[in-house]
Amino acid sequence: MAGLELLSDQGYRLDGRKPSELRKVQARMGVFTQADGSAYIEQGNTKALAVVYGPHEVRGSRSKALHDRAVINCQYSMATFSTAERKRRPHGDRKSSEMSLHLKQTFEAAVLTSLYPRSQIDIFVKILQSDGGNYSACVNAATLAVIDAGIPMRDYVCACSAGFVENTAVVDLCHAEESGGGTVMSLALLPRGGQVALVQMDARLHQDHLDALMEAAMTACRSLGQVLDGVVRQHLQEVSVLTAE
Amino acid sequence: MLKSKTFVKKTRSGGVMKIVREHYLRDDIWCGSEFCVECKHDSTVLQKEAVIESDLCSSPHYIIPDTNVVLHQIDILEDPLIKNVIVLQTVLQEIRHRSAPVYKRIKDVIHTAAKHFYTFTNEHHRETFIEREQGESANDRNDRAIRTAAQWYSEHLKKAPDAQDLKIILLTNDKANKQKAEECGLSAYKCEEYIKSLIANPELVDRLALSSDDINEITTGKVLFPEHLPLSRIQAGIKSGSLLQGTFRASRDNYLEATVFIQGDGEDSTEVLIQGLQNLNRAVHQDVVAMELLPREAWASPSSLVLLDEGPKADSENLEEENVVRGRLPDNALLKPTGKVVGIIKRNWRPFCGMLSQSHIKEATRHLFTPADRRIPRIRVETRQAATLAGQRIMVAIDGWPKHSRYPNGHFVKALGNAGDKETETEVLLLEHDVPHQAFSQLVLSFLPKMPWAITEEVIRPVHLYTLCCNAMVRTLSGSFHRLAFSCIWEVNQDAEILHTRFTKSVINSKASLTYAEAQMRIDDSNMNDDITKSLRGLNRLAKILKKKRIEKGALTLSSPEVRFHMDSETHDPVDLQTKELKETNSMVEEFMLLANISVAQKIYDEFSECALLRKHPAPPLSNYDILNKAAKSRDVVVQMDSAKALADSLDRAQIKDFPYFNTLLRILATRCMMQAVYFCSGMDSDFHHYGLASPIYTHFTSPIRRYADIIVHRLLAVAIGADCTDPDLLDKHKRSALCNNLNYRHKMAQYAQRASVALHTQLFFKSRGVLNEEGFILFVRKNAIIVLIPKFGLEGTVFFESKDKITPPLTFNEEGPTLTVQNHTFHLFDRVKVTISLDSSNIQHQKIRMSIIEPVIPGVSVDPPEMEPQTKKARLNP
């Protein structure tokens, strides 16, 4: 038999989720002490680590500095052991520089960069284990790390992937679903205002389906936002208990 | 609750990969029973009155079949009697993996609301999910999962009110599984046991597929066939090149011969001949088989013999003879590679139509079934209804073919009706050619507009153009009616050069409705000078120019005799039969139809270069023309095949004095050399040429008949001119390509069905007519027969020179001619002969037209012209 049945007639996906259900999310903030901010997130089997330095003086050539806002520098990488086949991934390959660029664009839209003119904010993300939705895991981890660093943002940036299987929009795709051949959309949203920070789509999708897919992805982003908010609040509680002592 | 599923998988390059997948377990999967109050389901599938009367279990019960039961006894499960069945996800997944057709069928059953089949997603249910234990095989785990689910069901439903009597019955044919289930306190039965206990429907028992234990009883113990190789060895063999994989095609004429068609890369495909029962080794027509080539010394040419399996003689006595490869020729040039089947990669069995040949012993329950398709072997079935089924057309499915059995074993599926009835035979034709012919469902019909229906809001702007007349004629329907249409409007000059083309949705108002014959009469009648007639003449003039241009470019005019029946208005039985006559107006409509199709093809291709639905006709390889070449040479005529144009020209020149029909015969032969025209998606192919029409691009947009391809082309064109918006499926080239393949398949099958239907009606005609004497021409010469075409009826028939009850006259066959010498007379291609035609109904299943030679008179071979009945004569005088 060719292929996997991505969505059964009873409406269950390969791993038993319904089309609109997210994978289990677990996150921790402040995992490293040396960095200004750090976070770790698990979305199902996709695991990502984000570290934030800054704002600090612009490193390297001074000419990069902007006089009215901060420069955001993002670096994305994947661990050699992150996929089923161990593979050396040199820095600066096409895929990861593209992903770095997307992250940069996303966070330029969310961070209040105008507060820190002539300075730089570094965001480093690493995928430790990959099972689909790498971009969204990176964005979500980086959001938490930026918050952990105490850098003001307009809102949480929440990202989620969505795809289209048998005329149904399914969200938070796992690797098997992503490689199933359909269209995959990644969307980053500022949930409170509903502004879209980034949308990315590689394959073709018919116009009629676009609205349904966007709607599904945005709903998923909003529920992810609630989860992240919970994580931040719990972290603050823990930290304030510690500092109160 | 989260579980992760880990397994290792071998990659294509041979490495081993560990794959980890998440597996979520849920507590919101409901049981789907009407009894249950605990589950929060919106709708229930399983009924409270789940009573199938059975000796084993009189109370209401739900059935849980295991994988093998569904896989092998799907015919039973499809019966309307069987209701309230729980299909587990485990079972469904296993079936999906193992057999696509059964998977499709069980899904259809599940979607039928009246069957009350419920799919329980047990693998994701918190309480029924189980993990594979150390050392447990995947099959054992699945069996355990099925038992666990069954147990959960019985405990779950015990809690429901009024469900004390309700039972869960597990159907399994696996002894170990049954025993374990009984240990857990479940009611488990073997499928046979349960079905036999059903009170309401004893005939269901006949439909039980034979399981392997039963098959053993039948055997005589003698091994007739070599063992099939296991799949692993086949795969290794194919990889190393010692075995070949191909599709098995049994010969229609000779049951001891078949070819295996091996698909190579691109054009590079070959056919391997297989001869003798042992070498055929239980392969059935259309199976995908693995085969081994025989050494070059054993290569042979296909025998031109016609051999039919004459059925149950003493089983093994004639086997020796059947294994002898017959008809080997020493002529090296014609040798084909031969081989033997060593294993089956994929069976392609479907239910077959045919008839029961009753056993000679009156009380016997085992009988032989003779399929209607001669390429399928006889099948041994077990039934208690033999007496009722005798003389009926029935369907039978094959269950298996053990190595010690001369025939495969099967089971009865359903009865179609009395053999020889027009309805039954038509049903058989449609089934055998896989033509879906169910009535449209209510759902489909609901999309149609309500009748009476009229164009309401459109502003009808009159457009007076010649072309509309053409439109009006194509649809030979009532005149002076507003009709919606999709039009292609050309502006042409006197020389039929297109100045401007416009496509539009339109409302047409036919000035007149004319049949082809009426239109022809108007054109020919010089007294008529009204507007319609004048416009018809104008169109006809243009059409002639168009046709001329087309022929100059090398379009072929080929011919194949088409037969038309005159039906009796009361009984719908054919009363007369003649070949279709083509008029000038036919050709006129055809020209404009072709022009429209070509214009539209260009338009949709310009607009959608990736997903336009087009039609192409590949140029045939030169080897296809062998037969035409030989035939032409036998009459000292040269036919050039270098290009379509050369072929068309040389066919035009091929005339013989005193033999006006020669040209038509040659064209009929040329038609047989052609390739099949096919639909394709422009994004998936680069060669668009239509050989027959000599057009660089072509599609099906309009024709006097409606086709599904037209509808797709209409949609594309509508989008192209902005009259409609696209939908995703329309622009997906893979889906489009899959659709094309299906269209091609359906088209082919419909053509076969049409041919078979013509044959059926021809038989009905000759049945009512008795014996006729007609003149005909030899179309092909075979080793022991000639094939004769009767131009009057467009009928082809075989005259055999060998028969069982007569001594075969001395036959000499010459491959080069080809000629056949019977005693002193030599038959050449295209010879004129006189034959007598009658219906041979000695075999009710394969009634056929029998032809015997009257002229030339060959003693001992030809027959005397039979006396005509006076009634027949009269009928022939007034056709």
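We name chains A, B, ... by the order of the sequence lines, and we start the count at 1 in each one.
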Is the distance between the ring centroids of A:Tyr76 and A:His102 under 6.0 Å? no
Where on A:Gln129 is there a heavy atom nearer than 4.5 Å to chain B: the side chain, the backbone, both, or neither? neither
Could you tell me which portion of B:Thr121 (side chain, backbone, both or neither) has an atom closer than 4.5 angstrom to a non-hydrogen atom of chain A? side chain
Measure B:His111 against the heavy atoms of chain A and call it side chain, backbone, both or neither at under 4.5 Å. side chain
Taking C-beta and beyond as the side chain, do B:Leu88 and B:Leu92 meet within less than 4.5 Å on heavy atoms? no
Check whether A:His175 gets within reach of chain B through its side chain, its backbone, both or neither, counting any heavy atom under 4.5 Å. neither
Can you tell me which portion of A:Arg13 sits under 4.5 Å from chain B's heavy atoms? Options are side chain, backbone, both or neither. backbone
Which residue in the set B:Glu94, B:Glu131, B:Glu123 passes salt bridge (Lys or Arg N to Asp or Glu O under 4.0 Å) when paired with B:Arg141? B:Glu123
Is the closest side-chain donor-acceptor distance between A:Asn45 and B:Glu22 under 3.5 Å? no
Got a salt bridge between B:Lys107 and A:Asp9, using NZ or NE/NH1/NH2 to carboxylate O under 4.0 Å? yes
